[in-house]
Enquirer: 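Would you mind keeping the following structure in view while I ask a few things?
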Amino acid sequence: MQQAERREVREKAACSAERSTPLIMVASWKQLFFHLLLLLCCRLTQTKSAGPSAPPEPPSSPLPTLSKRVVLKGDVYMERVEVVSPVILELECNWTGDADRHPNVTGFWSKDGTEIEESRLTVPLKNEHYHLQRKFNIVSQENLGNYSCVFGGDAKINFVLAAPQMGEVRDKPIVSYVGDTALITCKMEDTKPPPTTWIWYKANGTEKEQILAATESQRHEIKNQERKTRLVVHNLTEADSGSYFCSAVYAISSTLGHVELKVITFYEPLKPFMAIVIEVTVLVAAILLYEKSRSKKTSSEGNEDNDQANTLTPGENDASESNSSVRQRKM
């Protein structure tokens, strides 16, 4: 009996061992897979970090240098400097001095009338000249303006930095009729660099409203060339009258041109003629009224004379007859 119980216990232990073995094997395979995956990730990370790093970005190209040199022989001189793109501006000023010719004078730089900090220094007289030189980074529109080198507080050289200006300025407005087509043109001189693009605006009160092509039922048409731009306005109305601005856009700034457009009706040219006709008509009417009133007055005076002649007394009639007979005898 005891042997049978022992055999049964061994059989149950063997069964439990057989059941637990697959579970242990499954758990070990999972751990092994996890360790392999972790090892593979570490190797990939090491491989990436050990590889060559990405090449650094090439440095941006340095700005070009624009040099301006002026010799001042009087008190004040101004020179315009046209800038179309970011540059390093190198300004050099030479002053021949005044009658005193001091061995040293005070010199400094200013922008738009304000002295630039840490620019004041003592300038010696060397080779019959006082010399000032400075570099400025002109990279945006805010850097444009009036740069001046000042000697002794009196002598000054002004460098006016701005985008190229339009030489052709139209003083008289463009006149067109309602329903017609207007052509407005702006042009940059051939000696100046062409702008990158052109933009048109129309004055709207105190603001400028940009005009876009192919808008408002295809009424506006913009044709750009290198140094010339044309704005075509179809089917004109009186509301199209006003100020138009063409903007030549450069890399650092832009410059504006102004053209005035006046849209009139076909009756507008007739207004002076109509005014003359009205004046002549009024004058003729006044003359006719005056003549008519004068003729009435003359006729009324003649009637009064006849009435007086008809109302003479018999004595007056005899006297008039005797006077007439005397005149006849004298004849």
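Remember, predicted model here, so these are calculated numbers, not experimental data. Scope of the values below: all heavy atoms of this structure, side chains included, with no hydrogens, waters or symmetry mates.
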Enquirer: Checking side chain to side chain contact (heavy atoms under 4.5 Å, CB included) for the pair Thr185/Lys228: CA distance, chi angles, key distance, verdict?
Expert: CA-CA 7 Å; Thr185 304; Lys228 184 184 294 184; 4.0 Å; yes

Enquirer: Does anything in residues 107-116 pair up under salt bridge (Lys or Arg N to Asp or Glu O under 4.0 Å), and if so which pairs, sequence neighbours excluded?
Expert: Glu115-Arg120

Enquirer: Kindly write out the residues that satisfy side-chain contact (heavy atoms from CB on, under 4.5 Å) with Ser243, not counting sequence neighbours, or none if the list is empty.
Expert: Ala203, Phe245, His258, Glu260

Enquirer: Write down the atom of Pro195, the atom of Glu226, and the distance for their closest heavy-atom approach.
Expert: CD-O, 3.2 Å

Enquirer: So, do Leu261 and Ser241 sit near enough that their side-chain heavy atoms are less than 4.5 Å apart?
Expert: no

Enquirer: Is there side-chain contact between Ser247 and Leu256, with heavy atoms separated by less than 4.5 Å?
Expert: yes

Enquirer: Side chains of His220 and Leu212: does their closest heavy-atom pair fall under 4.5 Å?
Expert: no

Enquirer: Side-chain atoms of residues 91-99: list all donor-acceptor pairs with protein atoms under 3.5 Å, sequence neighbours left out, distances to 0.1 Å.
Expert:
from	atom 1	to	atom 2	distance (Å)
Glu92	OE2	Arg69	NE	3.4
Asn94	OD1	His131	ND1	2.9
Trp95	NE1	Gly74	O	3.2
Thr96	OG1	Leu72	O	3.3
Asp98	OD1	Asp100	N	3.2
Asp98	OD1	Arg101	N	3.2

Enquirer: Share the residues that join Met78 in a hydrophobic cluster, the rule being Ile, Leu, Val, Met, Phe, Trp or Tyr side chains under 4.5 Å apart at the heavy-atom level.
Expert: Val160

Enquirer: Test your reading of the model: is there a side-chain donor-acceptor pair from Gln165 to the backbone of Ala163, 3.5 Å cut-off?
Expert: yes

Enquirer: Is it possible for you to say whether Leu89 and Ile252 belong to one hydrophobic cluster, with membership spreading through side-chain heavy-atom contacts below 4.5 Å?
Expert: yes

Enquirer: Same cluster or not: are Val263 and Val233 linked, directly or through other Ile, Leu, Val, Met, Phe, Trp or Tyr residues, by side-chain heavy atoms under 4.5 angstrom apart?
Expert: yes

Enquirer: To the closest 0.5 Å, what do you measure between CG (Leu236) and CG (Asp180)?
Expert: 6.5 Å

Enquirer: So, for Asn235 and Arg219, which heavy atoms are closest and what is the spacing to 0.1 Å?
Expert: O-NH1, 3.2 Å

Enquirer: Sequence neighbours left out, what passes salt bridge (charged side-chain N to carboxylate O under 4.0 Å, His left out) with Lys223? Give chain and number order.
Expert: Glu221

Enquirer: Does any pair with a residue in residues 188-210 pass ring pair (Phe, Tyr, Trp, His ring centres under 6.0 Å), and if so which ones, sequence neighbours excluded?
Expert: none

Enquirer: Who passes side-chain contact (heavy atoms from CB on, under 4.5 Å) against Asp190, sequence neighbours left out?
Expert: Lys187, Arg227

Enquirer: Around atom CD of Gln210, are there more than 12 heavy atoms of other residues, nucleotides or ligands at under 6.0 Å?
Expert: yes

Enquirer: I'd like to check the salt bridge (charged side-chain N to carboxylate O under 4.0 Å, His left out) partners of Lys192; sequence neighbours left out, ordered by chain and number.
Expert: Glu82

Enquirer: Looking at side-chain heavy atoms only, is the closest gap between Phe136 and Leu161 below 4.5 Å?
Expert: no

Enquirer: Are the side chains of Ile264 and Tyr177 in contact, using a 4.5 Å heavy-atom criterion?
Expert: yes

Enquirer: For residues Thr181 and Val232, determine if any side-chain heavy atom of one lies less than 4.5 Å from a side-chain heavy atom of the other.
Expert: yes

Enquirer: Extract all donor-acceptor atom pairs below 3.5 Å that involve side chains of residues 141-157 and protein atoms in other chains or at least two apart in sequence.
Expert:
from	atom 1	to	atom 2	distance (Å)
Glu142	OE1	Ser140	OG	3.1
Asn143	OD1	Val139	N	3.0
Asn143	OD1	Ser140	N	3.1
Asn143	OD1	Ser140	OG	3.3
Tyr147	OH	Asn143	O	2.6
Ser148	OG	Asn158	OD1	2.5

Enquirer: Should Val249 and Val83 be regarded as members of a common hydrophobic cluster, given that ILVMFWY residues are connected when their side-chain heavy atoms come within less than 4.5 Å of each other, either directly or indirectly?
Expert: no

Enquirer: Do you reckon Val178 sits in the same ILVMFWY cluster as Ile184, going by side-chain contacts under 4.5 Å, direct or chained?
Expert: yes

Enquirer: Leu121: what forms a side-chain contact (heavy atoms from CB on, under 4.5 Å) with it, not counting sequence neighbours?
Expert: Val123, Leu132

Enquirer: Could you tell me which non-hydrogen atom of Met188 sits nearest to which non-hydrogen atom of Ala248, and how far apart they are?
Expert: CE-CB, 3.8 Å

Enquirer: Go through the structure and list residues passing side-chain contact (heavy atoms from CB on, under 4.5 Å) with Val284, not counting sequence neighbours.
Expert: Val280, Leu288

Enquirer: Apart from Val71 itself, which Ile, Leu, Val, Met, Phe, Trp or Tyr residues share its cluster (side-chain heavy atoms under 4.5 Å, direct or through members)?
Expert: none

Enquirer: Could you check if a side-chain atom of Leu231 sits within less than 4.5 angstrom of a side-chain atom of Cys246, using non-hydrogen atoms only?
Expert: no

Enquirer: Going hydrophobic residue to hydrophobic residue with side-chain gaps under 4.5 angstrom, can you get from Ile174 over to Ile211?
Expert: yes

Enquirer: Side-chain contact test, heavy atoms from C-beta onward, threshold under 4.5 Å: evaluate it for Val70 versus Phe159 and give yes or no.
Expert: yes

